[in-house]
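Everything on this sheet refers to the single structure shown next.
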Amino acid sequence: MATSKDYGLGEHRFPRGWFMIAGADEATTKPQAVRFFGQDMVLYRGETGTPHLVEAYCPHMGAHLAKNSTSYIVLDGEQVQGDSIRCPFHGWRFDGKGQCDHVPYSKFVPKAAQLKTFHVVERAGIIWMWHDEEGLEPEWELPSFGNHYDAPGWVNWKIDFMGDLPVHGIEIVDNMADFGHFVPIHGAMDFTYFANEFKDHIVHQYYSAGHRTLTAAEGDQLVLDTWYEGPGFLQSEMAGEYDSFIMIANTPIDDGLSRTWHALMVQVHDGSRETNDADRAAALAYQEGSRLAFAQDVEIWQNKRACLAPLALPNDGPYGKVRIWYKQFYNPRAQAETFQKRVNGLVVTHDTRPDSKAA
Ligand code: FES
Ligand SMILES: [Fe+2]
């Protein structure tokens, strides 16, 4: 596995940004062991409904807070109380901010008994974490995913787990500029437009092409605006047989190892009637088509060697710029602007639209 250092990304091993860590239904009052950013952590949902992410190891004597099935604290269902979590070893309890608030056999509770906590937000059926090696507050807001989740006429996404891939996040984000792979891998045809636009912490891909199977009629085009807000997940508004909204997340587990998920919401009607089972079945089938398209990339990533420097052609699309853009998240926040300034702007790789001057 090639690491952030091998790719020369910057001072930090792990990037700054919002990252998916779990589907919302994985956060329950039964604490779960998770590992991201090279750290063992525990995800649980307080009895208030609020999700919490804390370091895995108890400051008392180092027990893992979630990897236990035989302690009476776990067997008696006493591990989560309110927003607090209790250690299975000696029963010390930590509140939602990580401070120890109860030791079963001592009135004295040391101030130093503090669990590290991480910033998490639940949105659109997903638990998101702000990760920042400098420990600062979020640099940008977590987006609202087109405001389509729970919106009238839209069917919510289900989460497709796509695997733990032995590939660095940079190679997943390379896809944004990868004009050359859409025809051979994904079955695109009759491209009319492909461009990228860099805007500070956001990079867009604008795409118009036909497809062998995904369009309703011959000659139709799939029109996509796809973007990353930060390094952790892709969003895409797609106009095709249905209007839909794609989310693809990649989160580092360790340096060079990425967990990936896919999800898609579909607009099945204009909101003027009830959504029925046939609508939901159509949306699920549409999501499955999109999942299979992403799985075509995943198979490549599962099996490739690291690409530290592409042997790039001009028509490949601006990989180089994507990689410079990506570096802003691996360096102190104060340096982000210097990377943004080097890439900000529009790069058109292909334009054969009838009204285009380049045609
Ligand atoms: S190790 Fe956690 S309470 Fe002792
Ligand atoms: Fe792809």
Side-chain angles (χ1 to χ4, degrees), residues 31 33 40 42 44 54-68 70-74 78-81 84-95 98-106 108-110 112-116 160 162-163 165 167 169-189 191 194 196 203-207 209 211-212 214 222 224-228 233-236 238 246-250 258 260-262 264 289-304 307 310 316-317 319 322 349:
D40 291 319
V42 167
Y44 70 96
V54 299
E55 68 174 299
Y57 301 108
C58 180
H60 178 216
M61 289 182 67
H64 194 294
L65 296 177
K67 289 191 175 174
N68 188 290
T70 54
S71 160
Y72 277 103
I73 283 173
V74 174
E78 288 176 346
Q79 228 195 328
V80 171
Q81 296 174 325
S84 301
I85 182 168
R86 207 182 268 287
C87 177
F89 199 1
H90 310 92
W92 292 26
R93 192 179 70 187
F94 302 88
D95 68 17
Q99 184 61 51
C100 184
D101 64 357
H102 184 241
V103 175
Y105 52 90
S106 167
F108 172 65
V109 176
Q114 169 79 42
L115 270 180
K116 193 171 178 201
D160 296 315
M162 300 300 291
L165 310 180
V167 68
I170 182 62
E171 302 229 8
I172 295 174
V173 177
D174 276 344
N175 238 244
M176 286 299 283
D178 193 342
F179 175 66
H181 89 298
F182 285 102
V183 171
I185 278 276
H186 294 300
M189 47 196 272
F191 253 105
F194 187 86
N196 292 103
V203 56
H204 281 266
Q205 175 197 83
Y206 305 119
Y207 172 111
H211 191 273
R212 290 194 196 200
L214 290 178
L222 287 177
L224 296 101
D225 177 4
T226 302
W227 69 99
Y228 273 82
F233 58 92
L234 167 159
Q235 301 172 79
S236 184
M238 179 163 71
I246 306 171
M247 194 287 301
I248 290 173
N250 73 89
S258 305
T260 56
W261 297 267
H262 163 271
L264 175 123
S290 172
R291 186 191 71 81
L292 288 171
F294 181 51
Q296 292 168 320
D297 291 312
V298 168
E299 188 181 14
I300 296 286
W301 293 323
Q302 278 284 12
N303 298 293
K304 75 188 297 301
C307 173
D316 265 333
Y319 298 120
V322 166
T349 301

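In listed order, ligands and their atoms are each counted from 1. Both backbone and side-chain heavy atoms feed into the values below; hydrogens, waters and symmetry mates do not.
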So what does the H186 NE2 - the Fe ion (ligand 2) - D297 OD1 angle come to, to 10°?
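Vertex the Fe ion (ligand 2), arms to NE2 of H186 and OD1 of D297: 80°.
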In terms of the angle between their ring planes, are F182 and F194 parallel, tilted or perpendicular, with boundaries placed at 30° and 60°?
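Aromatic pair F182/F194 classed tilted.
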Can you say whether the rings of Y207 and F191 are parallel (under 30°), tilted (30 to 60°) or perpendicular (over 60°)?
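Rings of Y207 and F191: perpendicular, over 60°.
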Test side-chain contact (heavy atoms from CB on, under 4.5 Å) applied to Y319 and D178, I170, V173, the passing residue
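Among D178, I170, V173, the one meeting side-chain contact (heavy atoms from CB on, under 4.5 Å) with Y319 is D178.
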Closer than 3.5 angstrom, by distance alone: can the side chain of S71 be matched with the main-chain N or O of I73 as a donor-acceptor pair?
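Looks like yes, one N/O pair under 3.5 Å.
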Could you check W301 against F294 for ring pair (Phe, Tyr, Trp, His ring centres under 6.0 Å), going step by step and ending with a plain yes or no?
CA-CA 11 Å; W301 293 323; F294 181 51; 5.7 Å; yes
Within Q296, is some N, O or S atom less than 2.8 Å away from the Fe ion (ligand 2)?
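So Q296 does not bind the Fe ion (ligand 2) by this criterion.
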Separation between CD1 of I172 and CD1 of I248, rounded to the nearest 0.5 Å
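Output value for this atom pair is 9.5 Å.
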Does any non-hydrogen side-chain atom of H102 lie less than 4.5 Å from one of R86?
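Yes, close enough: below the 4.5 Å cut-off.
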Around atom 4 (Fe) of ligand 1, what protein N, O or S atoms are found below 2.8 Å?
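The answer, once waters are left aside, is H60 ND1, H90 ND1.
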